[in-house]
Amino acid sequence: MTNSTILVTGGSGLVGQAIKAYTDENSQPGETWIFLSSKDGDLRVRGDTDKIFDKYQPTHVIHLAAKVGGLFANLSQKVEFYRENTLINDNIMENCRLHKVTKLVSMLSTCIFPDKTKYPIDETMLHDGPPHPSNEGYAYAKRLIDTMNRAYAEEYGCNFTSIIPTNIYGPHDNFSIQNGHVIPGLIHKCYIAKKEGTPFTIWGSGTPLRQFIYSLDLAELTVWVMRDYHSPDPITLSVDESAEVPIKDVALAVAKAMKFEGEVVFDTTKADGQFKKTACNKKLRSYRPDYKFVSMEEGIQKSVDWFLANYETARK
Ligand code: NAP
Ligand code: GDP
């Protein structure tokens, strides 16, 4: 048995807390898991990052920490999304090289793919054209992770890779209406509509299509990538194409889980963002043909229940 120390950056966030819940039950002998938050150091700052690596001497790193936000945050802060993520990623990758980390797994996203593309998108198409203008700051910072994973492998023989999740949701999400992603934003808005007897407002037309992965499923698959997937080329972690849904259906599932029976309205003055970003999970299915994802209805019910039980402390 070899001992390993696995450092999870962004360990206090949506995905980090899901990995914590998963590994609390499923860690392997010899594994020590460390979950970081920004309280342990600011990863935009090289000196803070160096101190964290000196302190923990990780053998493996799952790199989740990032400036993350939904469509509306991305539209208004392109400079910050680019700069903060570029700084964080550079500090992590270079420390992983210097500390001879055996394996680094970083997170990309299906929203960083070319805007004008063929569907479904697969791992080979990442750099085939500019991203959607709404999130270009975030997208270019994230794309560079993939470029540098290959560069670190070629020049230094590093075992760095990345995963490409679709939209994620679950317990510990950021339920901020202004800055969060669509599912936590809708959950929070529906909660207020129910409490105040006001309409539940869906932003945009409700027609854009998305695939959603429940955070606990993503956690299990991310840990599998860390242990068993060894290539610098990214791997998409997504539900099947048949599970793609219009935003309107997502909102109705939130209303049902919240037992909201009032009026549902659309605010079409708000942006729709990308119409779709249908991802192909053929590569994942070639390794994990039988993996069963939590259904969106079940995942939304669990997320609503978590939000109601943790309302006082949830990020919002
Ligand atoms: P999240 O809930 O917003 O959590 C972000 C995490 O990063 C938190 O632990 C936060 O620490 C940490 N962090 C942010 N800035 C930091 C800094 N300067 N120094 C140190 N730590 C910092 O994010 P998430 O949704 O779990 O996302 C995890 C990863 O998945 C990200 O790389 C994201 O780009 C990617 N992703 C997310 C989605 C999605 O739908 N959410 C979709 C695709 C890809 P504090 O808690 O202390 O602030
Ligand atoms: P994206 O998938 O990267 O575009 O990010 P989001 O998770 O923010 O999803 C955005 C889609 O959901 C767009 O079509 C929005 O118009 C729609 N949407 C509807 N209501 C909301 C809401 O309350 N918050 C957010 N973020 N998006 C919403």
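For ligands, and for the atoms within them, numbers begin at 1 and follow the listed sequence.
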Atom indices of ligand 1 within 4.0 angstrom of S12 heavy atoms, with elements | 8 (C), 9 (O), 11 (O), 45 (P), 46 (O), 47 (O)

Would you mind listing which atoms of ligand 1 come within a distance below 4.0 Å of any non-hydrogen atom of D42?
-> 17 (C), 18 (N), 19 (N)

Examine the proximity of ligand 2 to K270 and report which part, side chain or backbone, both or neither, has a heavy atom under 4.0 Å away.
-> neither

For atom 11 (C) of ligand 2, the closest protein heavy atom turns out to be I247 CD1, 4.0 Å

How does K189 reach ligand 2, by side chain, by backbone, by both or by neither, if only non-hydrogen atoms under 4.0 Å count?
-> side chain

Please state whether P208 comes within less than 4.0 angstrom of ligand 2, counting heavy atoms only.
-> yes

In terms of atom number and element, which parts of ligand 1 are under 4.0 angstrom from non-hydrogen atoms of S37?
-> 47 (O)

Sub-4.0 Å heavy-atom contact, T166 with ligand 1 = yes

Shortest protein contact, atom 26 (N) of ligand 2 (heavy atom only) | G180 O, 3.1 Å

Structural part of A271 in contact with ligand 2, heavy atom criterion under 4.0 angstrom = backbone

Donor-acceptor pair between K283 and Y229 side chains, under 3.5 angstrom | yes

Just by distance, do the side chain of R143 and the backbone of I112 share a donor-acceptor pair under 3.5 Å?
-> yes

closest protein heavy atom to atom 1 (P) of ligand 2 is K277 NZ, 3.5 Å

Top protein contact for atom 2 (O) of ligand 2, by heavy-atom distance | R210 NE, 2.7 Å

For K142, is the nearest heavy atom under 4.0 Å from an atom of ligand 1?
-> yes

Atoms of ligand 1, numbered as shown, that sit under 4.0 Å from any heavy atom of G41 | 19 (N), 20 (C)

Is ligand 1 less than 4.0 angstrom away from at least one heavy atom of Y169?
-> no

Heavy-atom nearest neighbour in the protein, as seen from atom 8 (O) of ligand 2, with distance rounded to 0.1 Å = L71 N, 3.0 Å

the protein heavy atom lying closest to atom 14 (O) of ligand 2 turns out to be D272 O, 2.6 Å

Any ion pair linking R150 and E154 (charged N to carboxylate O, less than 4.0 Å)?
-> no

So, D128 and K118, do they make that salt bridge, N to O below 4.0 Å?
-> no

With a cut-off of 4.0 Å, which atoms of ligand 1 are near a heavy atom of L108?
-> 43 (C), 44 (C)

Between V182 and ligand 2, does any nitrogen or oxygen pair lie at a separation below 3.5 Å?
-> yes

Donor-acceptor side-chain pairing of D272 and S205 below 3.5 angstrom | yes

Does an N or O anywhere in L64 fall below 3.5 Å from an N or O of ligand 1?
-> yes

Report, as yes or no, whether the 6.0 Å neighbourhood of atom CZ on R83 holds more than 12 heavy atoms from other residues, nucleotides or ligands.
-> no

Nearest to atom 19 (C) of ligand 2, what protein heavy atom do you find, and at what distance?
-> W203 O, 3.0 Å

Just which atoms of ligand 1 are under 4.0 Å from any heavy atom in R44?
-> 18 (N)

Do any nitrogen or oxygen atoms of Q274 lie less than 3.5 angstrom from nitrogen or oxygen atoms of ligand 2?
-> no

Mind checking whether I177 contacts ligand 2 via backbone (N, CA, C, O), side chain (CB onward), both or neither, at a 4.0 Å heavy-atom cut-off?
-> neither

Atom indices of ligand 1 within 4.0 angstrom of R315 heavy atoms, with elements = 1 (P), 2 (O), 3 (O)

Counting from 1 in the order shown, the ligand 1 atoms closer than 4.0 Å to a non-hydrogen atom of V15 are 26 (O), 28 (C)

